[in-house]
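Quick note on labels: first sequence line is chain A, next is B, and so on, each numbered from 1.
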There are 2 protein chains.
Amino acid sequence: MPTLPATTNGTSSSGTTTNGATTGRRGRPGYDQQTVLNVAVEVFNRHGYDATSMGILAENLGISKSAIYHHVPSKEDLLSLALEEALGGLESVWASPEAQSGAAEHRLEFVVRSTVRVLTEKLPFVTLLLRLRGNTETERAALERRRSFDRKVAELIGAAREEGTLRKDIDPRTVSRLLFGTINSIVEWYRPGGSLTPEKLADDVVTVVFDGLHTRS
Amino acid sequence: MPTLPATTNGTSSSGTTTNGATTGRRGRPGYDQQTVLNVAVEVFNRHGYDATSMGILAENLGISKSAIYHHVPSKEDLLSLALEEALGGLESVWASPEAQSGAAEHRLEFVVRSTVRVLTEKLPFVTLLLRLRGNTETERAALERRRSFDRKVAELIGAAREEGTLRKDIDPRTVSRLLFGTINSIVEWYRPGGSLTPEKLADDVVTVVFDGLHTRS
DNA sequence: GTCTATATGGCGATAGAC
DNA sequence: GTCTATCGCCATATAGAC
């Protein structure tokens, strides 16, 4: 999907972005920052952030490179805005009362379900976050916030294990890593709008993670 | 970890590469292609392939940019060599008799274990493969071989489900995706040489994937 | 097998007109 | 809000000496 002739000046942002998200804007380019961001994140995910030049981005927007700089001061600022959206969504999981009290088993299940939900709602933004390598200060700060999220889940796993609801024959760090692997990998294949709803996906993840793939007797 | 002063001319490849892998070379730079490749792959994984310039790579090798071109004709050839190593390892899984006959349940478990083993043995190479975006023909060809591997595992999942050993309340495509998510994510955290051996890791993956995290009664 | 010097092009970003 | 033209830099890769 290289070097599109772009939807040359006129169709790109009218209601539906390249990204597929309805933005509610009236026709013609005349972008706003959020729409530029949505398209940018989609293109970043398709080619990788580093491999996406402002020129490629401009083609996908159907405007010139320099016009992008009217909406956002730099490529790195686009990244920063996107990461804020991803991290804000993930961090909001902990604000719910269900995440704060009750049996660790139930808090953990709630957090898993909520994480899957945020992941599907903010799919392109979280995808971008999960692929960072930490090459700039912006990226490293985002990764640190992500690690902080992971640490909280790890604590919950520890609590559930002490409760006796999680198996003890596997190192809790391994458990935590495999759990995140399963959840985070969703961004690599899940696409909203298909027959698999976010709710069913969350059910499936909870089932597989806690009960496994084998049939029960 | 930016712009290392490099291990300036003399320590870098003497027995142990930046990569940590013993290569069996006698001191001083004087690299061979495999050693350049090992270091390159490690640096590609640290910064991302696209974000890694030949300059950064040269610093990590402790030689000049142009010296790299003595060993390999281009940056993309380095990628290509690395991907061949990853894909060759993965594809070899299907050569074993245990992958070809017997109950689907057992073939599937064998393939999961073998994949985890290849993943740990060729960790940096498989890591690079799993992060590709398909930006060049080289990358797209590798991704196609990877998809072919995935398709074979999906077939095995279908067979195990028909046997009645895998649960039927989840779409087989979802099962396949979650299984790969769990396995593939290992490259993001597993490091050989710690207390978690590849064998125990494979046991843990098989346990979690097939029996789940919950305690059994 | 390595070096310095260099060719050539694309990058992110800016200036200033419309 | 967009454009054309351009700046300065760094990218991959080459030439040719040691």
Side-chain angles (χ1 to χ4, degrees), chain A residues 2-3 6-14 17 23 25-37 39-40 43-44 47-81 135-139, chain B residues 2-3 6-14 17 23 25-37 39-40 43-44 47-81 135-139:
Chain A
T3 316
T7 59
T8 324
N9 274 19
T11 47
S12 174
S13 74
S14 42
T17 66
T23 56
R25 302 195 77 265
R26 56 279 150 205
R28 307 305 109 189
Y31 284 106
D32 61 14
Q33 194 189 62
Q34 185 62 45
T35 308
V36 169
L37 179 61
V39 175
V43 181
F44 287 163
H47 301 294
Y49 173 76
D50 289 301
T52 304
S53 68
M54 294 302 267
I56 292 174
L57 184 50
E59 280 169 19
N60 280 270
L61 284 161
I63 59 179
S64 69
K65 277 196 295 176
S66 62
I68 298 172
Y69 289 92
H70 176 76
H71 303 285
V72 70
S74 73
K75 185 184 172 185
E76 194 168 359
D77 276 83
L78 276 170
L79 179 63
S80 187
L81 287 166
N135 288 333
T136 62
E137 208 42 62
T138 301
E139 296 187 24
Chain B
T3 317
T7 58
T8 325
N9 274 20
T11 48
S12 173
S13 74
S14 40
T17 67
T23 56
R25 302 195 78 266
R26 55 278 152 208
R28 307 305 107 189
Y31 285 105
D32 60 13
Q33 195 189 61
Q34 187 61 46
T35 308
V36 169
L37 178 61
V39 175
V43 181
F44 288 163
H47 302 294
Y49 173 75
D50 290 301
T52 304
S53 67
M54 295 301 267
I56 293 174
L57 186 49
E59 282 170 18
N60 280 269
L61 283 161
I63 59 178
S64 69
K65 280 192 291 178
S66 63
I68 299 171
Y69 290 92
H70 177 76
H71 303 285
V72 70
S74 72
K75 184 184 171 184
E76 194 168 0
D77 277 84
L78 276 170
L79 179 63
S80 187
L81 287 166
N135 288 332
T136 62
E137 208 43 62
T138 301
E139 296 187 23

*Asks:* Would you mind writing out the side-chain donor-acceptor pairs for residues 67-74 of chain B within the sub-3.5 Å range, not counting sequence neighbours?
*Replies:*
{"unit_1": "S74(B)", "atom_1": "OG", "unit_2": "E76(B)", "atom_2": "N", "d": "3.4"}
{"unit_1": "S74(B)", "atom_1": "OG", "unit_2": "D77(B)", "atom_2": "N", "d": "3.1"}
{"unit_1": "S74(B)", "atom_1": "OG", "unit_2": "D77(B)", "atom_2": "OD1", "d": "2.7"}

*Asks:* Could you encode protein contacts along nucleotides 4-10 of chain D as a string, one character per nucleotide from 5' to 3', using B for base contact, S for sugar-phosphate-only contact and - for no contact, with a heavy-atom cut-off of under 4.0 Å?
*Replies:* B------
*Asks:* Grab the two heavy atoms, one from A58(A) and one from K65(A), that are nearest each other, plus how far apart they are.
*Replies:* CB-N, 3.5 Å
*Asks:* In whole angstrom, what separates M54(B)'s CE from dC3(C)'s P?
*Replies:* 13 Å
*Asks:* Could you work out, with side-chain contact (heavy atoms from CB on, under 4.5 Å) as the rule, every residue matching D50(A), not counting sequence neighbours?
*Replies:* N135(A), D50(B), A51(B)
*Asks:* Between residues 68-76 of chain B and DNA chain D, which residues have a heavy-atom gap below 4.0 Å?
*Replies:* Y69(B), S74(B), K75(B)
*Asks:* Please enumerate all residues that pass side-chain hydrogen bond (donor to acceptor under 3.5 Å, both in side chains) together with S53(B), with sequence neighbours excluded.
*Replies:* none
*Asks:* Measure from the side-chain N and O atoms of Y31(A) to the backbone N and O of L61(A), and report whether any donor-acceptor pair falls under 3.5 Å.
*Replies:* yes
*Asks:* How long is the line joining OH of Y49(B) and C1' of dA11(D), in whole Å?
*Replies:* 12 Å
*Asks:* Minimum heavy-atom separation for Y49(B) to K75(B), with atom names?
*Replies:* O-NZ, 3.0 Å
*Asks:* Can you tell me how far P of dG1(C) sits from CD of Q34(B), to the nearest Å?
*Replies:* 15 Å
*Asks:* List the atom of L79(B), the atom of F44(B), and the distance in Å for their closest heavy-atom pair.
*Replies:* N-CE1, 4.4 Å
*Asks:* Is there a side-chain contact between L57(B) and L78(B), using heavy atoms and a 4.5 Å cut-off?
*Replies:* yes
*Asks:* To the nearest Å, give me how far apart CG (D50(B)) and P (dG12(C)) are.
*Replies:* 12 Å
*Asks:* Check the distance between dT2(D)'s C1' and D32(A)'s CG and give it to me in whole angstrom.
*Replies:* 15 Å
